[in-house]
Amino acid sequence: MQLNKSKTISIRPISPFNFDATFFKPDHFTTDDHIYEKGVRWQTMNWEGQMLGIKYEDASPGIKVTVFSIQEPTFEFIESLKNEIIYRYNLNLDLDEFYKLAIKDKLLDIAINELIGMRPGHPSSLYEYLIIGIILQNASVRRSIQMFRNLLSNYGTELEFDGKKLLCLWDIGRFSKIDEQELRDLKIGYRAKSIIKIDQQFSQGLINEFELRGKDLITQKKTLLALYGVGPATVWYLLFDVFHHWEVFEHISPWEHKLYSRLFFNKELLPVEKLMKYINKFGKYKHLAVHYLWEKMWWDRHNGTTFDWLEKEIRI
DNA sequence: CATCAGGGCCCTG
DNA sequence: CAGGGCCCTGAT
């Protein structure tokens, strides 16, 4: 599908702002729906039922956003899209208070110096993130990539914009008439059931992302856990990446356990309580603090530093 | 070749 | 609340 219309908007995030560390997270594994180069990200987006191509460009101190579409977008459409982009990438997040707290910790201070102005955030809607969360479960990174690719190439739509061809996520309800076996044939395994059920719950309107954003943490958590296929590990990701709770840090999965031990104390495996004690120092910003340490590790790897203990764990 | 665990979760007893 | 089963894949 050719996206011939384009409109440019500009966004000025709160300073300091780091374009690359905000628009590219080296540990995010999704493929075929975006391309990143230094200072530029091309990303597809299914917004209000329209399939869009978005090009983000570093235009320091701001961001140039070009929206590619089939139909000429209305003013209201562009406004809501702009607000959504600001929300998803946390462009209005004021990091000052966090930085003041973090400077007391040597490790975190180093990470912040390297990534200053980086926002947490994620390009996906709640619906899309749930699909991602489910294919992460009980699988290595390589296998998760394969599952995502298979889904996107079978059910996504190819969009051509700005000389790039990328796949865009399907509409909610896509799996209403698809039986489980068809998904299983894409090597999704038992996760097929969860994907179909969640798709169904969304299309029946049983869950609404925008309503849920306005609820309190407890309600959000309860609502998410009630979705079929969502448990403590997935909800932990969702509350941070999609609902932007910087303070929630209750769950450490086995592989993260190993990596945090290395990352915080350069030890092979420490008791979870010891790791939690370190993390708890950062109070209402504890997950954000971990995000900075975590992303620093991935950026260092991206830039050529080799951590053998990391390579052993990721197996891409 | 077989066996096993992996960036969990649901269901059963 | 513990533990079995689940899909597939690469490691051993």
Side-chain angles (χ1 to χ4, degrees), chain A residues 25-31 120-124 126-155 175 178-202 206-207 220-243 248-264 268-270 272 275-276 279 287 290-291 293-299 301-302 307-316:
Chain A
K25 309 278 183 194
D27 54 314
H28 288 180
F29 73 93
T30 55
T31 31
H122 198 278
S124 307
L126 171 61
Y127 173 79
E128 180 173 17
Y129 200 110
L130 283 162
I131 306 279
I132 293 170
I134 283 160
I135 61 179
L136 279 170
Q137 294 167 9
N138 225 18
S140 64
V141 177
R142 190 199 306 254
R143 183 145 186 256
S144 296
I145 291 174
Q146 186 203 43
M147 289 189 267
F148 190 74
R149 270 223 158 101
N150 287 349
L151 285 172
L152 208 52
S153 60
N154 275 274
Y155 302 110
F175 299 117
I178 284 172
D179 62 43
E180 201 178 312
Q181 192 53 47
E182 187 178 323
L183 281 184
R184 282 174 175 264
D185 291 344
L186 300 176
K187 301 178 192 293
I188 304 300
Y190 60 87
R191 299 167 194 82
K193 192 177 170 189
S194 307
I195 291 176
I196 289 171
K197 281 204 178 195
I198 283 181
D199 180 61
Q200 200 173 34
Q201 285 170 299
F202 268 78
L206 297 176
I207 179 159
Q220 291 175 342
K221 201 170 159 182
K222 216 177 91 190
T223 309
L224 295 169
L225 284 170
L227 294 171
Y228 189 89
V230 176
T234 308
V235 90
W236 178 81
Y237 288 121
L238 287 167
L239 289 174
F240 182 75
D241 279 329
V242 180
F243 292 94
V248 182
F249 202 103
E250 308 159 325
H251 186 271
I252 297 184
S253 66
W255 83 296
E256 282 157 346
H257 185 185
K258 292 179 211 163
L259 294 181
Y260 291 153
S261 301
R262 289 288 189 177
L263 203 49
F264 305 159
E268 206 166 314
L269 202 59
L270 292 168
V272 171
L275 299 173
M276 282 299 190
I279 292 164
H287 199 153
V290 175
H291 183 64
L293 297 171
W294 185 252
E295 290 299 318
K296 179 196 180 320
M297 172 180 80
W298 288 97
W299 270 102
R301 178 178 182 271
H302 182 77
F307 308 100
D308 46 349
W309 46 268
L310 177 58
E311 297 309 315
K312 214 179 87 198
E313 293 302 327
I314 50 181
R315 298 183 295 136
I316 292 178

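In what follows, chains carry the letters A, B, and so on, assigned in the order in which the sequence lines appear, proteins first and then strands, with residues in each chain numbered from 1.
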K.L.:
Considering only the P atoms, how many Å lie between C:dC7 and B:dC1, rounded to the nearest integer?
P.N.:
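Going atom to atom, P in each nucleotide, I get 25 Å.
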
K.L.:
Taking the side chain as C-beta and beyond, is there a heavy-atom pair between A:Leu130 and A:Phe202 under 4.5 Å?
P.N.:
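With C-beta onward as the side chain, the pair touches.
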
K.L.:
Would you please classify the geometry between the A:Trp299 ring and the A:His302 ring as parallel, tilted or perpendicular, with 30° and 60° separating the classes?
P.N.:
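A:His302 and A:Trp299: perpendicular rings.
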
K.L.:
Under 4.5 Å between any side-chain heavy atoms of A:Ile207 and A:Tyr127, yes or no?
P.N.:
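A side-chain contact is absent here, since even the closest heavy-atom pair is not under 4.5 Å.
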
K.L.:
With sequence neighbours left out, write down each residue that passes side-chain hydrogen bond (donor to acceptor under 3.5 Å, both in side chains) with A:Arg262, or none if nothing qualifies.
P.N.:
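So A:Arg262 forms no side-chain hydrogen bond (donor to acceptor under 3.5 Å, both in side chains) with any residue.
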
K.L.:
Using a cutoff of under 3.5 Å, can you pull out all pairs of nitrogen or oxygen atoms linking the protein to nucleotides 4-7 of chain C, with atom names and distances?
P.N.:
{"from": "C:dC7", "atom 1": "OP1", "to": "A:Arg184", "atom 2": "NH1", "distance (Å)": "3.2"}
{"from": "C:dC7", "atom 1": "OP1", "to": "A:Arg184", "atom 2": "NH2", "distance (Å)": "2.2"}
{"from": "C:dC7", "atom 1": "O5'", "to": "A:Arg184", "atom 2": "NH1", "distance (Å)": "2.4"}
{"from": "C:dC7", "atom 1": "O5'", "to": "A:Arg184", "atom 2": "NH2", "distance (Å)": "3.3"}
{"from": "C:dC7", "atom 1": "O4'", "to": "A:Tyr190", "atom 2": "N", "distance (Å)": "3.2"}
{"from": "C:dC7", "atom 1": "O2", "to": "A:Arg143", "atom 2": "NH1", "distance (Å)": "2.8"}
{"from": "C:dC7", "atom 1": "O2", "to": "A:Arg143", "atom 2": "NH2", "distance (Å)": "2.9"}
{"from": "C:dC7", "atom 1": "O2", "to": "A:Arg191", "atom 2": "NH1", "distance (Å)": "3.0"}
{"from": "C:dC7", "atom 1": "N4", "to": "A:Asn138", "atom 2": "ND2", "distance (Å)": "3.4"}

K.L.:
Within this structure, what is the NZ-to-P distance between A:Lys258 and B:dA5, rounded to whole angstrom?
P.N.:
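Nearest whole value for this atom pair: 12 Å.
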
K.L.:
Under 3.5 Å, side chain of A:Arg301 to main-chain N/O of A:Asp27, donor-acceptor pair present?
P.N.:
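Such a contact is absent between A:Arg301 side chain and A:Asp27 backbone.
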
K.L.:
In residues 227-241 of chain A, what residues come within less than 4.0 Å of DNA chain B, judged by heavy atoms?
P.N.:
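Going residue by residue through residues 227-241 of chain A, the ones with a heavy atom under 4.0 Å of DNA chain B turn out to be A:Leu227, A:Tyr228, A:Gly229, A:Val230, A:Gly231, A:Pro232, A:Ala233, A:Thr234, A:Tyr237.
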
K.L.:
Who pairs with A:Glu182 by side-chain hydrogen bond (donor to acceptor under 3.5 Å, both in side chains), at least two apart in sequence or on another chain?
P.N.:
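Listed in chain order: A:Tyr155.
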
K.L.:
If you measure from the P atom in C:dC1 to the same atom in B:dG7, how many Å do you get, rounded?
P.N.:
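One P to the other, the span is 27 Å.
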
K.L.:
A:Phe148 and side chain to side chain contact (heavy atoms under 4.5 Å, CB included): which single residue from A:Leu152, A:Ile145, A:Asn150 fits?
P.N.:
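That would be A:Leu152.
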
K.L.:
Less than 3.5 Å apart, which donor and acceptor atoms pair up between the side chains of residues 226-241 of chain A and the rest of the protein, not counting sequence neighbours?
P.N.:
{"from": "A:Tyr228", "atom 1": "OH", "to": "A:Lys193", "atom 2": "NZ", "distance (Å)": "3.2"}
{"from": "A:Thr234", "atom 1": "OG1", "to": "A:Gln137", "atom 2": "NE2", "distance (Å)": "3.0"}
{"from": "A:Tyr237", "atom 1": "OH", "to": "A:Glu256", "atom 2": "OE2", "distance (Å)": "3.0"}
{"from": "A:Asp241", "atom 1": "OD2", "to": "A:Tyr129", "atom 2": "OH", "distance (Å)": "2.6"}

K.L.:
For A:Ile134 and B:dG6, give me the distance from atom CD1 to atom P, rounded to whole Å.
P.N.:
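Value for this atom pair: 21 Å.
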
K.L.:
Under 4.0 Å between a side-chain N or O of A:Gln146 and OP1 or OP2 of C:dT9?
P.N.:
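Result: yes.
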
K.L.:
Parallel, tilted or perpendicular, judged at 30° and 60°: which one describes the rings of A:His122 and A:His28?
P.N.:
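The rings of A:His122 and A:His28 sit tilted, inter-plane angle from 30° to 60°.
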
K.L.:
Answer whether the closest heavy-atom distance between the side chains of A:Gln201 and A:Ile198 falls below 4.5 Å.
P.N.:
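When only atoms from C-beta onward are counted, A:Ile198 and A:Gln201 do touch, with a gap below 4.5 Å.
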
K.L.:
Does a sphere of radius 6.0 Å around CD in A:Glu268 hold more than 12 heavy atoms from other residues, nucleotides or ligands, not counting ones at 6.0 Å or beyond?
P.N.:
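Open: at most 12 neighbouring heavy atoms sit under 6.0 Å from CD of A:Glu268.
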
K.L.:
Between which residue ranges does DNA chain C form stems of three or more consecutive Watson-Crick or G-U wobble pairs, both distances under 3.5 Å?
P.N.:
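The stems that DNA chain C takes part in, listed by first number, are B:2-6 with C:8-12, B:8-13 with C:1-6.
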
